[in-house]
Enquirer: 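There's a structure below that I have some questions on.
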Amino acid sequence: MSTGLRVGHGYDVHRLAEGRKLILGGVEIPWEYGLLGHSDADVVTHAIMDALLGAAGLWDIGHAFPDTDPTLKDISSMILLERTVALIREKGFRTVNVDATIIAQRPKLAPYIPQMRENIAARLGIDSGLVNIKATTEEGLGFSGSGEGMAAHSVALLEKSTE
């Protein structure tokens, strides 16, 4: 018997580059590097979008928002998140909660996390208490530890809407 609950997992990674803004969870973070990508490369929002799409049984952000689409060049991931929410609603789901982890050696992200939670919750149409974002380092190991890039993991819980 189905309970109407669905879980999805998302993962994203982007290379760090000079001359780009660092945008995470819709927050511009002052730093000398930003993330390289077709959109604003907001790695945590992308991971959340993939988790939402996966939970709804939809493809992934690469299919929903291909990097070959010139209209998406440098687009805000907050706009893409709004479009993702529309897609999952079309499938009859609503977001119960999301949990995400940003993996980055630098900069320190703790001061920016409350605003990230607010930004994402507003787009999802849920209370910010249902959005959890954490940040961790890889203790100098791997591509994120060496400062080459950042990654994020996310899980999302969706419920079949009764509306």
Enquirer: Quick one: OG1 on Thr84 to CZ on Arg123, what's the gap to the nearest 0.5 Å?
Expert: 12.5 Å
Enquirer: I'd like to check the side chain to side chain donor-acceptor pair (under 3.5 Å) partners of Arg20; sequence neighbours left out, ordered by chain and number.
Expert: Asp74
Enquirer: Which heavy atom of Arg117 sits nearest to which heavy atom of Val131, and what is that distance?
Expert: NE-O, 2.6 Å
Enquirer: Test of understanding: with ring-ring contact (aromatic ring centres under 6.0 Å, His included), list the residues that count as partners of Phe143, not counting sequence neighbours.
Expert: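 Partners of Phe143 by the ring-ring contact (aromatic ring centres under 6.0 Å, His included) criterion come out as none, since no residue qualifies.
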Enquirer: I need the minimum non-hydrogen distance between Ile133 and Ile113, along with the two atoms involved.
Expert: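 Residues Ile133 and Ile113, closest heavy atoms: O-CG2, 3.4 Å.
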Enquirer: Just so I know, are the side chains of Pro30 and Leu22 near enough to count as touching, which here means a heavy-atom distance under 4.5 Å?
Expert: no
Enquirer: Which atom pair, heavy atoms only, marks the closest approach of Val44 to Gly25?
Expert: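 Taking every non-hydrogen atom into account, CG1-N, 3.2 Å.
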Enquirer: Checking Lys160 side chain against Lys91 main chain: does a donor-acceptor pair fall under 3.5 Å?
Expert: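 Such a contact is found between Lys160 side chain and Lys91 backbone.
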Enquirer: Heavy-atom count around Tyr11 OH within 6.0 Å, excluding the residue itself: above 12?
Expert: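 Counting other residues, nucleotides and ligands, OH of Tyr11 exceeds 12 neighbours.
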Enquirer: Quick one: ring pair (Phe, Tyr, Trp, His ring centres under 6.0 Å) pairs with a partner in residues 88-111, sequence neighbours left out?
Expert: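 For residues 88-111: none.
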Enquirer: Report, one line per pair, each donor and acceptor closer than 3.5 Å where one atom sits in a side chain of residues 47-55; sequence neighbours left out.
Expert:
{"from": "Asp50", "atom 1": "OD1", "to": "Ile61", "atom 2": "N", "distance (Å)": "2.8"}

Enquirer: With rounding to the nearest 0.5 angstrom, report the OG to CG distance, Ser76 to Asp40.
Expert: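 The OG atom of Ser76 sits 5.0 Å away from the CG atom of Asp40.
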Enquirer: For a quick test of reading the model, state the closest non-hydrogen atom pair linking Glu32 to Arg106 and the distance between them.
Expert: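 Closest heavy-atom pair between Glu32 and Arg106: OE2-NH2, 4.0 Å.
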Enquirer: Of all residues at least two apart in sequence or in a different chain, which pass the side-chain contact (heavy atoms from CB on, under 4.5 Å) check with Arg83?
Expert: Phe65, Leu72, Ile75, Ile79, Leu80
Enquirer: For His38, what residues pass the ring-ring contact (aromatic ring centres under 6.0 Å, His included) criterion, not counting sequence neighbours?
Expert: none
Enquirer: Please name all residues satisfying ring-ring contact (aromatic ring centres under 6.0 Å, His included) with Tyr112, sequence neighbours left out, ordered by chain then number.
Expert: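 Per chain and number, Tyr112 pairs via ring-ring contact (aromatic ring centres under 6.0 Å, His included) with no residue.
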Enquirer: Measuring from atom OG1 of Thr101 to atom NZ of Lys134, what distance do you get when rounded to the nearest 0.5 angstrom?
Expert: 3.5 Å
Enquirer: Evaluate the side-chain proximity of His63 to Asp60: yes if any heavy-atom separation is below 4.5 Å, no if none is.
Expert: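 A side-chain contact under 4.5 Å exists here.
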Enquirer: For Ala64 and Leu87, work out which heavy atoms get closest and say how close.
Expert: CB-CD1, 4.2 Å
Enquirer: Determine the minimum heavy-atom distance between Ala56 and Ile88, stating which atoms define it.
Expert: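 Here Ala56 and Ile88 meet closest at CB-CG2, 3.7 Å.
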Enquirer: Working to the nearest 0.5 angstrom, can you tell me the gap between Thr137 OG1 and Ile102 CD1?
Expert: 13.0 Å
Enquirer: Please tabulate, for the side chains in residues 151-158, all donor-acceptor contacts under 3.5 angstrom to protein atoms that are two or more places apart in sequence or on a different chain.
Expert:
{"from": "His153", "atom 1": "ND1", "to": "His9", "atom 2": "NE2", "distance (Å)": "3.2"}
{"from": "Ser154", "atom 1": "OG", "to": "Asp99", "atom 2": "O", "distance (Å)": "3.0"}

Enquirer: Please tell me if the side chains of Ser144 and Gln105 come closer than 4.5 Å, counting only heavy atoms from C-beta onward.
Expert: no
Enquirer: Around Trp59, counting heavy atoms of other residues, nucleotides and ligands shown, do more than 12 lie under 6.0 Å from its CH2?
Expert: no
Enquirer: Check for me, please, whether Ile120 and Ile126 land in the same ILVMFWY cluster - side-chain distances under 4.5 Å, paths through other members count.
Expert: yes
Enquirer: Mind checking what makes side chain to side chain donor-acceptor pair (under 3.5 Å) contact with Asn97, not counting sequence neighbours?
Expert: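 Scan of Asn97 (side chain to side chain donor-acceptor pair (under 3.5 Å), adjacent residues dropped) gives none.
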Enquirer: Between atom CE of Met116 and atom CD1 of Ile23, what is the distance when rounded to the nearest 0.5 Å?
Expert: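 The distance works out to 10.0 Å.
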Enquirer: With sequence neighbours excluded, tell me which residues meet ring-ring contact (aromatic ring centres under 6.0 Å, His included) with His14.
Expert: His46
Enquirer: Can you check side chain to side chain contact (heavy atoms under 4.5 Å, CB included) on Asn132 and Val98, steps first, answer last?
Expert: CA-CA 6 Å; Asn132 191 38; Val98 297; over 6 Å; no
Enquirer: Going by the side chain to side chain contact (heavy atoms under 4.5 Å, CB included) test, name the single residue among Asn119, Leu35, Thr45 that passes it with Leu24.
Expert: Leu35
Enquirer: Excluding sequence neighbours, so at least two apart, what forms side-chain contact (heavy atoms from CB on, under 4.5 Å) with Ser146?
Expert: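 Result, side-chain contact (heavy atoms from CB on, under 4.5 Å) vs Ser146: Glu148.
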Enquirer: For a side chain to side chain contact (heavy atoms under 4.5 Å, CB included) check, start with the C-alpha distance between Ile103 and Glu138, then their side-chain angles and the critical distance, and finish with the verdict.
Expert: CA-CA 7 Å; Ile103 305 160; Glu138 288 194 308; 3.3 Å; yes
Enquirer: Taking transitive links into account, so neighbours of neighbours count too, which hydrophobic residues share a cluster with Leu36 at under 4.5 Å side-chain distance?
Expert: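 Besides Leu36, the cluster holds no residue at all.
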